[in-house]
Amino acid sequence: MNTKYIFVTGGVVSGLGKGITAASLGRLLKNRGYKVTIQKFDPYINVDPGTMNPYEHGEVFVTDDGAETDLDLGHYERFIDENLTKNSSVTMGKIYQSVIEKERRGDYLGKTVQVIPHITNEIKERIYGFENTDTDIVITEVGGTVGDIEGVSIIEAIRQVGLEKNKEDVLYIHVTLLPYIFGSNEIKSKPTQHSVKELQSLGIKPDILVCRTEQDIPDTVREKLSLFCNVRKTSVIQNKTADCLYAVPLMLEEEGLAREVCNHLKLDKYIPDNSKWLEMIENIRNIKEENIVNVGIVGKYVKLEDSYLSVIESLYHAGFANNVKVKVKLIDSEKITRENVKEQLENMDAIIVPGGFGDRGIEGMIETIRYVRENKIPFLGICLGMQMTVVEFARNVLGLKDANSEEFNTETQNQVIHIMEEQKNINKKGGTMRLGAYPCVIKNGSLAEKVYNENEISERHRHRFEYNNSYKEMLENAGLKVSGTSPDGLLVEMVEIEEHPYFIACQFHPELKSRPNRPAPLFVNLVRVAKEMSKQ
């Protein structure tokens, strides 16, 4: 079978759920027995989102191979349950960087370097990169909205793919908005018509329209869209807001999205096996409303929920596994003091201190960790959360009042978190980062072993500073046990306190590997203990 290409573009406004549409379609095709991969093209000129403000871009999702990517890759992985790679995340910054490097090396033999063909060829190279693999179907989401000046070269490249490949091997899906006007009590199709017209003016005729709507689309509107947008009526797919994010694939299955895709791409595996996904959704819907666990995320980027998207989703997954609804409250660590910490964390059954960079809000995190440690509240520290756990313990239990991380105070005598000597030799700041999957060996008899039920795991990292081993003996003697390390024992990956219902912190990001059908163990056990304690 030839590799099949599906392109998902967006129109009218951003934030319509192109990523969820692409991810849902990936799940439906996987349930038909196809090997599916998904990639995202982002039009911005940044090389990757690694240096971007979380308030502007949301979280940075990290793949096993260490690529810092757009948060949509998290949706893709959670829906299709496949580990993606750096090839799945492409920005225009990466494209321009690659083209300029080739030009400097003389690869273009002195030719004038232009958007067509050089930039578009570079884009197509990334699209065709899956051809000699076991991938059957490549779904490519184009970031932004059709008409954005930054994205024009991506649209041109995917137009050329339609020209270069067989007609039955390429499919274009356009996700648009059908606004409902309450005054006149009607759904308006004009914004979608304009968006499709814009796409057609760039040389692409969409095969399927996925229409985001709050109301059911009347037949008359479907007919109008079919006529004016030049798509079959059966290819006008309704995408209403679902009661559960993970129910979207089943909703789109009922609407006939996968059927239309199979017809167009001449795919012979027509009948899906959605039974396991259906069973999962039924179980989620059957969770009783009164079964609630309240979890507070104490962080510094709380003004934008997307900054902690994977952590929040992992908590929901843990809720599914424990038959409870997890209610997440984002708590601003900048506002927490020793005087108000009790009030700020009131009614929380469990607390997470997640990752982050920079010293803003750090003291509030430390106060939070002290409070949950002393008051036996279930706690999970992640990345920066683990580092602040070590700082808090060193200050308040060991009595090292100036204990800190080298990231925040280079002058302090007690840098319990520091950059290791080997890293200091790397001058380039970005080069000191530990990115991607690393193995972790778990100590026998520890809480970590009970949680994972394994002695060696692999988890994803995104950090620069490490636990300072010079303080290991002191910290362990005082009760902060090391329960996970790198195989050579040099890098501390997990710490925990035994005399506590659930107090564990990790240097890695367990949220990046959590799936609705395979939730991350650290989250599952946090919610389990919180559920048990809330019933007491």
Side-chain angles (χ1 to χ4, degrees), residues 1-11 16-39 41 76 79-80 124 127-128 130-131 135-142 146 154-176 192-193 195-197 199-200 202-212 217 222-239 248-274:
M1 175 177 124
N2 292 340
T3 307
K4 305 285 184 179
Y5 297 95
I6 299 171
F7 297 103
V8 181
T9 56
L16 290 179
K18 287 194 310 293
I20 300 296
T21 301
S24 297
L25 178 57
R27 168 48 64 178
L28 296 177
L29 293 170
K30 186 175 177 178
N31 287 355
R32 283 163 167 78
Y34 290 103
K35 175 79 170 153
V36 180
T37 196
I38 313 184
Q39 63 179 173
F41 276 88
Y76 304 160
F79 275 77
I80 67 172
K124 285 187 294 183
I127 296 168
Y128 295 152
F130 296 98
E131 286 208 330
T135 303
D136 300 316
I137 301 166
V138 181
I139 301 174
T140 302
E141 179 195 345
V142 179
V146 168
I154 302 173
I155 297 292
E156 169 57 21
I158 69 172
R159 180 195 71 78
Q160 292 176 20
V161 173
L163 206 61
E164 292 170 8
K165 298 294 177 184
N166 297 330
K167 194 177 178 185
E168 66 273 14
D169 291 339
V170 182
L171 173 81
Y172 299 103
I173 297 174
H174 194 49
V175 181
T176 73
T192 294
Q193 290 178 48
S195 184
V196 171
K197 189 177 178 183
L199 192 57
Q200 288 171 335
L202 296 168
I204 292 174
K205 174 197 169 296
D207 303 293
I208 295 172
L209 292 182
V210 173
C211 302
R212 186 69 187 271
I217 305 175
R222 283 185 196 260
E223 283 162 8
K224 194 174 183 182
L225 284 168
S226 170
L227 193 63
F228 283 91
C229 298
N230 197 24
V231 297
R232 292 179 184 278
K233 186 181 166 187
T234 53
S235 294
V236 178
I237 305 295
Q238 173 178 292
N239 185 7
V248 174
L250 299 174
M251 188 176 72
L252 292 175
E253 179 76 83
E254 281 178 33
E255 273 290 306
L257 174 63
R259 176 199 66 217
E260 292 297 305
V261 169
C262 288
N263 286 343
H264 182 94
L265 295 176
K266 295 186 167 46
L267 295 170
D268 51 5
K269 295 178 190 170
Y270 204 80
I271 309 298
D273 179 8
N274 292 328

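In what follows, every heavy atom counts, from backbone to side chain, and hydrogens, waters and symmetry copies are set aside.
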Asker: Between Ile155 and Arg159, is any pair of side-chain heavy atoms under 4.5 Å apart?
Answerer: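 Side chain of Ile155 against side chain of Arg159, heavy atoms only: no contact under 4.5 Å found.
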Asker: Is the positively charged end of Lys35 above the ring of Phe130, judged by distance under 6.0 angstrom from the centroid and angle within 45° of the axis?
Answerer: no
Asker: Which heavy atom in Tyr5 sits nearest to a heavy atom in Lys165, and how many Å separate them?
Answerer: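 Closest approach of Tyr5 to Lys165: CE1-CE, 4.1 Å.
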Asker: With a 4.5 Å cut-off on side-chain heavy atoms, are Val161 and Tyr128 touching?
Answerer: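 Contact flag for Tyr128/Val161 side chains = yes.
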Asker: Evaluate the side-chain proximity of Tyr76 to Thr37: yes if any heavy-atom separation is below 4.5 Å, no if none is.
Answerer: no
Asker: Per the side-chain contact (heavy atoms from CB on, under 4.5 Å) rule, which among Ile173, Thr21, Ile38 passes with Ile139?
Answerer: Ile38
Asker: Once you round to the nearest 0.5 Å, how far does CG of Asp136 lie from NZ of Lys269?
Answerer: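 Result: 6.0 Å between the selected atoms.
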Asker: Short question: side chain of Ser226, backbone of Arg222 - any donor-acceptor pair under 3.5 Å?
Answerer: no
Asker: Would you say Glu255 and Asn239 make side-chain contact, with heavy atoms under 4.5 Å?
Answerer: no
Asker: Find out whether Leu267 and Leu29 are in side-chain contact, i.e. whether some heavy atom of one side chain is under 4.5 Å from a heavy atom of the other.
Answerer: yes
Asker: For the pair Ser235 and Glu260, evaluate side-chain hydrogen bond (donor to acceptor under 3.5 Å, both in side chains) and give the outcome as yes or no after the intermediate values.
Answerer: CA-CA 6 Å; Ser235 294; Glu260 292 297 305; 2.6 Å; yes
Asker: For Leu16 versus Arg212, what's the shortest heavy-atom pair and its separation?
Answerer: O-NH1, 2.8 Å
Asker: Is a salt bridge present between Arg32 and Glu253, judged by a nitrogen-to-oxygen distance below 4.0 Å?
Answerer: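 Salt bridge present between Arg32 and Glu253.
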Asker: What heavy-atom pair brings His174 and Pro206 nearest, and what distance separates the two atoms?
Answerer: CB-CB, 3.9 Å
Asker: Does Lys233, at its NZ atom, have more than 12 non-hydrogen atoms belonging to other residues, nucleotides or ligands within less than 6.0 Å?
Answerer: yes
Asker: What closest approach, in Å, do Gln39 and Ile127 show between heavy atoms, and which atom pair accounts for it?
Answerer: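 Looking at all heavy atoms of both residues, the closest pair is OE1-CA, 3.5 Å.
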Asker: Please check if the number of heavy atoms outside Lys205 that lie under 6.0 Å from its NZ is greater than 12.
Answerer: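 Counting neighbours around NZ of Lys205, more than 12 heavy atoms of other residues, nucleotides or ligands fall under 6.0 Å, so yes.
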Asker: Quick one: pull up CE in Met1 and NZ in Lys266 and give me the separation to the nearest 0.5 Å.
Answerer: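 One finds 13.5 Å between CE of Met1 and NZ of Lys266.
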Asker: Can you check whether Val36's main-chain N or O pairs, donor with acceptor, with Thr135's side chain at less than 3.5 Å?
Answerer: no
Asker: Compare every heavy atom of Lys18 with every heavy atom of Thr9, then report the nearest pair and how far apart it is.
Answerer: C-CD, 3.4 Å
Asker: As an exercise, state the distance from CG of Asn31 to CG of Asn274, rounded to the nearest 0.5 Å.
Answerer: 4.5 Å
Asker: Are the side chains of Leu25 and Leu252 in contact, using a 4.5 Å heavy-atom criterion?
Answerer: no
Asker: Give me the ring orientation class for Phe7 and Tyr172: parallel if the planes are under 30° apart, tilted from 30 to 60°, perpendicular past 60°.
Answerer: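 It falls in the parallel class, under 30°.
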Asker: Return yes if some donor-acceptor pair links the side-chain N/O of Gln238 with the main-chain N/O of Ile217 below 3.5 Å, else return no.
Answerer: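 Side chain of Gln238 to backbone of Ile217: a pair is present.
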Asker: To the closest 0.5 Å, what do you measure between CD1 (Ile158) and CD1 (Ile204)?
Answerer: 4.0 Å
Asker: Within the 4.5 Å heavy-atom criterion, are Ile208 and His264 side-chain neighbours or not?
Answerer: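 No. Closest side-chain heavy atoms not under 4.5 Å.
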Asker: I need the Leu265 CG to Leu171 CG distance, nearest 0.5 Å.
Answerer: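 If I round to the nearest 0.5 Å, the distance is 5.0 Å.
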Asker: For a quick test of reading the model, state the closest non-hydrogen atom pair linking Leu225 to Cys211 and the distance between them.
Answerer: CD1-SG, 4.1 Å
Asker: Taking only Lys NZ, Arg NE, NH1 and NH2, and the carboxylate oxygens of Asp or Glu, determine whether Glu164 and Lys124 approach each other closer than 4.0 Å.
Answerer: yes
Asker: Determine whether Lys4 and Tyr34 make a side-chain contact, defined as any pair of heavy atoms from C-beta on separated by less than 4.5 Å.
Answerer: no
